[in-house]
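FYI, side chains are in, hydrogens and waters are out, and symmetry mates aren't considered; it's all heavy atoms of this structure.
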Protein chains: 2
Amino acid sequence: MHVRDRRVKRTQNLLAQALLALIAEKGYDAITIRDITERADIGYATFFRHYRDKDELLRDAADVVINELLEILFGQQSGKEPAAVGQLIFRYVADHSEVVRVLLGSRGPASLVQHVIQRGSENVLRQNKPRPGSPVPAEIAAHHLVASSIALIQWWIEHDMPYSPEHMGEIYRQLIVQPTLTSAFIIDPA
Amino acid sequence: MHVRDRRVKRTQNLLAQALLALIAEKGYDAITIRDITERADIGYATFFRHYRDKDELLRDAADVVINELLEILFGQQSGKEPAAVGQLIFRYVADHSEVVRVLLGSRGPASLVQHVIQRGSENVLRQNKPRPGSPVPAEIAAHHLVASSIALIQWWIEHDMPYSPEHMGEIYRQLIVQPTLTSAFIIDPA
DNA sequence: ATACTATGATATACTATGTATCATAAAGGG
DNA sequence: CCCTTTATGATACATAGTATATCATAGTAT
């Protein structure tokens, strides 16, 4: 999937940036497509040449963030200790809190969160071996791991990040990672 | 808050029933207010005399279900063993899967799920004593407990309930209840 | 019985979506 | 560099849905 025409790339970038800026200003629901095209300085009809509706544009913009975070978590250093993973997550969120707040904010559509959970679960399943004989199916454990992580991030952001990323990493490990791994997966000793 | 006029109660009931039926048929987003009023056989303008928009009606309808479930969980038998609590939840969901599917379905607005988490967290905090010195704050643990439970219910419903309520109760206990209680709360020995 | 209030029906203004069309400008391949 | 292709801008327009106002009527409470 390589976009050949520079004009297309330019237009899509402008639309995504405009959307994120507008969400931060007035919330997702209040935004009209005309708002987006005016902010991006793009013809109104041009929007529909790229996306069917607002949601499609939002998902496209979100994929950039998702891939970035997945790269951090599952990149070269996949065998890292689980304790550090939590700190990585919450440090990333703190560094990009504006965008994350926008994407996971309570105003966004539920379908986006579902999409993020889906993407995350696939990666968890790919990176861990299920423990044979466990009453907890790997598919459920993966879903739980990702959904709980997002819920924890949402709580942290909505409460204006009252604890440090290190502290959140410890909470994350104790409440989510440790129980899930010991319940359903073979713990990687690396 | 007692509704005196029978006409009001009648109208609101008809609107709520119509909305739930329509969500099951075509999904929340596709529903117009005219759809609702026509199905309920109520004048179009009358809708706005009770609710500002669709979301307000949905939240009102959801509160009925929330209160019912909270009554089951925190009613007379609050001191029950945690293992049984999971079965109670998933049995209730199975018995009311149509409505729960509608309310927690991926098409519904995110704000509704947030609302449910809020209501549930308050109850968890009210029913449990925080463990002193734990790195996991009680507020976070309560949020985690409820948010994870909803995520697990969503997974179960969206996958057409492939495991029995008993099995789900065990998963629930192992993945969510046990870790959360031991991490952040004083375990009730009753 | 009477005063009150909710409803139905209707009209209307307004906003937003989505499509069609055509001239123009920019891009890419040779 | 030329030529073909394609994306964009501008505009007009059809459609759908929201939200409010008004008034006669019917149901409700006390």
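- Using a 4.5 Å cut-off on side-chain heavy atoms (C-beta onward), Arg119(A) and Asp63(A) make contact.
- Contacts of Arg52(B) with the nucleic acid, taken as non-hydrogen atoms under 4.0 Å apart, involve only primed sugar atoms and P, OP1 or OP2.
- Side-chain N/O atoms of Glu122(B) and Gln118(B) include a donor and acceptor closer than 3.5 Å.
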task: For Arg173(A) and Glu170(A), run salt bridge (Lys or Arg N to Asp or Glu O under 4.0 Å): C-alpha distance rounded to whole Å, both residues' side-chain angles, the deciding distance at 0.1 Å, then the answer.
output: CA-CA 5 Å; Arg173(A) 191 190 65 77; Glu170(A) 173 57 22; 3.2 Å; yes
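- Residues satisfying the ring pair (Phe, Tyr, Trp, His ring centres under 6.0 Å) test with His50(A), not counting sequence neighbours, are none.
- As a whole-Å value, the separation of Phe48(B) CZ from dA9(C) P is 16 Å.
- Checked against salt bridge (Lys or Arg N to Asp or Glu O under 4.0 Å), Arg131(B) has no partners two or more places apart in sequence or in another chain.
- Take Asp53(A) and apply the salt bridge (Lys or Arg N to Asp or Glu O under 4.0 Å) test, not counting sequence neighbours, and it matches no residue.
- Partners of Arg7(A) according to the salt bridge (Lys or Arg N to Asp or Glu O under 4.0 Å) rule, which considers only residues two or more places apart in sequence or in another chain, are Asp5(A).
- With sequence neighbours excluded, the residues forming a ring pair (Phe, Tyr, Trp, His ring centres under 6.0 Å) with Tyr92(A) are His96(A), listed by chain and number.
- Rounded to an integer number of Å, the gap from Gln12(B) CD to dA6(C) C1' is 11 Å.
- Within the 4.5 Å cutoff, the side chain of His167(B) has heavy atoms near those of the Ile171(B) side chain.
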Please output the side-chain donor-acceptor pairs of residues 137-148 of chain B that fall under 3.5 Å, not counting sequence neighbours, one pair per line with the distance.
unit_1    : atom_1 : unit_2    : atom_2 : d
Glu139(B) : OE2    : His159(A) : NE2    : 3.4
His144(B) : ND1    : Ser148(B) : OG     : 3.2
Ser148(B) : OG     : Ser148(A) : OG     : 3.2
Ser148(B) : OG     : His144(B) : O      : 2.7

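- Along DNA chain D, read 5' to 3', the first and last nucleotides having any atom under 4.0 Å from a heavy atom of chain B are dG17(D) to dA29(D).
- Here Ala21(B) pairs with Arg39(B) under the side chain to side chain contact (heavy atoms under 4.5 Å, CB included) rule; sequence neighbours left out.
- With sequence neighbours excluded, the residues forming a salt bridge (Lys or Arg N to Asp or Glu O under 4.0 Å) with Asp160(B) are Arg101(B), listed by chain and number.
- For the pair Ile33(A) CD1 and dT15(C) P, the computed distance is 17 Å after rounding to whole Å.
- Between Lys9(B) atom NZ and dT7(C) atom C1' the separation is 19 Å, expressed in whole Å.
- Base pairing in DNA chain D gives the following stems of 3 or more Watson-Crick or G-U pairs, range against range and under 3.5 Å: C:1-30 with D:1-30.
- Each of Asp53(A) and Thr46(B) was assigned the nucleotide of DNA chain C with the nearest heavy atom; the assignment lying further toward the 5' end belongs to Thr46(B).
- Ring orientation note: the planes of Tyr172(B) and Phe90(B) are nearly perpendicular, at an angle over 60° on the 30°/60° scale.
- Rounded to whole Å, atom P of dA9(C) lies 11 Å from atom CZ of Arg49(B).
- Looking at residues 35-42 of chain B, you'll see Asp41(B), Ile42(B) sit with a heavy atom under 4.0 Å from some atom of DNA chain C.
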Would you tabulate the pairs of protein nitrogen or oxygen atoms and nucleotide nitrogen or oxygen atoms of nucleotides 24-27 of chain C closer than 3.5 angstrom?
unit_1  : atom_1 : unit_2  : atom_2 : d
dA26(C) : N3     : Arg7(A) : NH1    : 3.0

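- Take the nearest nucleotide of DNA chain D for His50(A) and for Tyr44(B): the residue whose nucleotide is more 5' is His50(A).
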